There are 2 protein chains.
Amino acid sequence: MRASDKAYRTLRSEIIDWQLPPGTVLGEVDQSTRLGVSRTPLREALARLTADGLVATQAGRGLVVTDVSTDNIRELFEVRRALEEQAARLAAERGDPAVFDALEREFVAVPALLESEDPARHDYYDLVARLDDAIDDAVANPYLVTALRNLRTHLVRIRRLARDDKDRLREAAREHLTIVRAIAAGDSELAAHATHIHLHRALEHLLAAHTAPTAMTTGPTERTAS
Amino acid sequence: MRASDKAYRTLRSEIIDWQLPPGTVLGEVDQSTRLGVSRTPLREALARLTADGLVATQAGRGLVVTDVSTDNIRELFEVRRALEEQAARLAAERGDPAVFDALEREFVAVPALLESEDPARHDYYDLVARLDDAIDDAVANPYLVTALRNLRTHLVRIRRLARDDKDRLREAAREHLTIVRAIAAGDSELAAHATHIHLHRALEHLLAAHTAPTAMTTGPTERTAS
DNA sequence: GTCACCACCTATGTATACAGAACCCGGAAC
DNA sequence: GTTCCGGGTTCTGTATACATAGGTGGTGAC
């Protein structure tokens, strides 16, 4: 694997996992020595992360991991609504019903799934990821899929703030079920509206969880990664 | 100005202006010597262009300028519809009516404008660009604005294929007028639907112009830039 | 005559060295 | 005490050298 890819993937997952929290200064020499690559591939990795919106140049401190504010989340969801509604619409028009029928059966089984031993809900998040993949596959539009992938990167990072409880996940599964059924039935408008509602509810839940413990991300987080 | 910025802007405008047509192979050494910068900043420029979708790595020939096929245009417009409708909606909700009232008056005057001496229609395209800027300003959403800006890069490149005649521009101006009035009136749904119709008509016109002289972009365009 | 293999060459990927600019700290003057 | 200036240090930006991989062309064998 190329050194620049290695640096990019490592930094990306560290940022998403909050091992590198918002505000972390990413000096080129620090990171290149830490990751064991030279500055040239590291710069490429940082450029890609900047394009992703995970890092940004702050006034006079160089590159820092971007903050996740309440406003950011709202803005992100405005874009997300536009893109995911369109994706749902197109998936309903073009998707293979059999694929979404199979996913429907899995979403029906989610309440039972959530009772099982899986503290991190990995099985559930895996199912949602497979739904996303199926939609990406169905829309067959590289531009749209790329935009959605970029967006999901941010959403995974934000998910850490959500404190998803069992009740919310059960509700989300019901919302997903409506979406999947609409896509399987080829009803594009229903799929779009179901997606709209799902995102509306997800944003509500996210903001409710985020406004309370806001101290987590704000304030002078001057931590440096070493 | 940084050498990498210089290389990026130069290559970007050359690709958009069709001076570097689709299929052109962009070797690192060729371009770095041609542009008078070293390979390091040039690689950064190429990475940015790749992220923009203007160049892509092709099988075994390295980086090439991306092709513009009919399918690409359709896919691009699917994303565009999603993002611009959302932008129009948000602009109607948040925009300053005075700004869009002023633009409305300018769009009313377009038929007269098109009669003037301006073979390249620069004045008209300028007005559309100012409308885009006003919408960007009104939506006040950096993620959405960034996505729209990236999209418009491709659209400017495609415009070269459109052969916009006076009739189409007059029609487009009427469509824009409807959009601007809806935004100024704060009617988000009307703004979204007017945008939808405008994009539908624009795509129709583009495809009609593009399917006939398709030989312009296809075929073995093995040209090399030197 | 065609196909396969080998060698050379050119391209990309990486490391490092150097230059310039910006920031920080200390000192001095008002 | 505060502010401004200067030196030093550290960072980014750029250039270049080197290594490796992949592609191409030529030659030989079947």
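Every value quoted in this text rests on a predicted model; they were computed, and no experiment measured them. Letters A, B, ... mirror the listed sequences (proteins, then strands); counts begin at 1.
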Any N/O pairs under 3.5 Å between the protein and nucleotides 15-18 of chain D? List them or say none.
from   : atom 1 : to      : atom 2 : distance (Å)
D/dA15 : OP2    : B/Ser38 : N      : 2.7
D/dA15 : OP2    : B/Ser38 : OG     : 3.3
D/dA15 : N7     : B/Thr40 : OG1    : 2.9
D/dT16 : O4     : B/Thr40 : OG1    : 3.1

Pairwise N/O distances under 3.5 Å, protein to nucleotides 21-23 of chain C:
none

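Residue A/Gly62 is out of contact with every strand shown, counting any heavy-atom pair closer than 4.0 Å.
Every residue two or more places apart in sequence or in another chain that forms a salt bridge (Lys or Arg N to Asp or Glu O under 4.0 Å) with A/Asp5 is listed here: A/Arg2, A/Arg48. Every side chain to side chain contact (heavy atoms under 4.5 Å, CB included) that B/Thr153 has, sequence neighbours left out, goes to B/Arg12, B/Ile16, B/Leu54. Under the side chain to side chain contact (heavy atoms under 4.5 Å, CB included) criterion, B/Val110 pairs with B/Phe107, B/Leu114, B/Tyr124, B/Leu127, B/Ala173, not counting sequence neighbours. Residues forming a salt bridge (Lys or Arg N to Asp or Glu O under 4.0 Å) with B/Asp52 (at least two apart in sequence, or on another chain): none. Judged as a salt bridge (Lys or Arg N to Asp or Glu O under 4.0 Å), and not counting sequence neighbours, the contacts of B/Glu28 are B/Arg39, B/Arg43. For A/Gln19, there are no side chain to side chain donor-acceptor pair (under 3.5 Å) partners at least two apart in sequence or on another chain.
Here the OG-CG distance, from B/Ser4 to B/Leu35, works out to 12.0 Å after rounding to the nearest 0.5 Å.
One finds no side-chain N or O of A/Ser4 lying less than 4.0 angstrom from the OP1 or OP2 phosphate oxygen of C/dG13. A/Arg43 has a side-chain polar atom (N or O) that falls below the 4.0 Å cut-off from OP1 or OP2 of D/dG13.
The CD-C1' distance, from A/Gln31 to D/dT10, rounds to 16 Å in whole Å. A straight line from CZ of B/Arg2 to P of C/dG20 spans 18 Å, rounded to a whole angstrom. Whole-Å rounding puts the A/Glu44 CD to D/dT12 C1' distance at 17 Å. Atom CZ in B/Arg61 sits about 18 Å away from atom P in D/dG22, given to the nearest Å.
For A/Thr195 and A/Arg80, the side-chain atoms include no donor-acceptor pair closer than 3.5 Å.
Comparing A/Val29 and B/Met1 by the nucleotide of DNA chain D whose heavy atom lies nearest to each, the residue mapping closer to the 5' end is A/Val29.
Listed by first and then second residue, the salt bridge (charged side-chain N to carboxylate O under 4.0 Å, His left out) pairs that reach into residues 92-101 of chain B are A/Glu78-B/Arg94, sequence neighbours excluded.
Here the nucleotide nearest the side chain of A/Glu28, chosen from D/dG13, C/dT14, C/dG13, is D/dG13.
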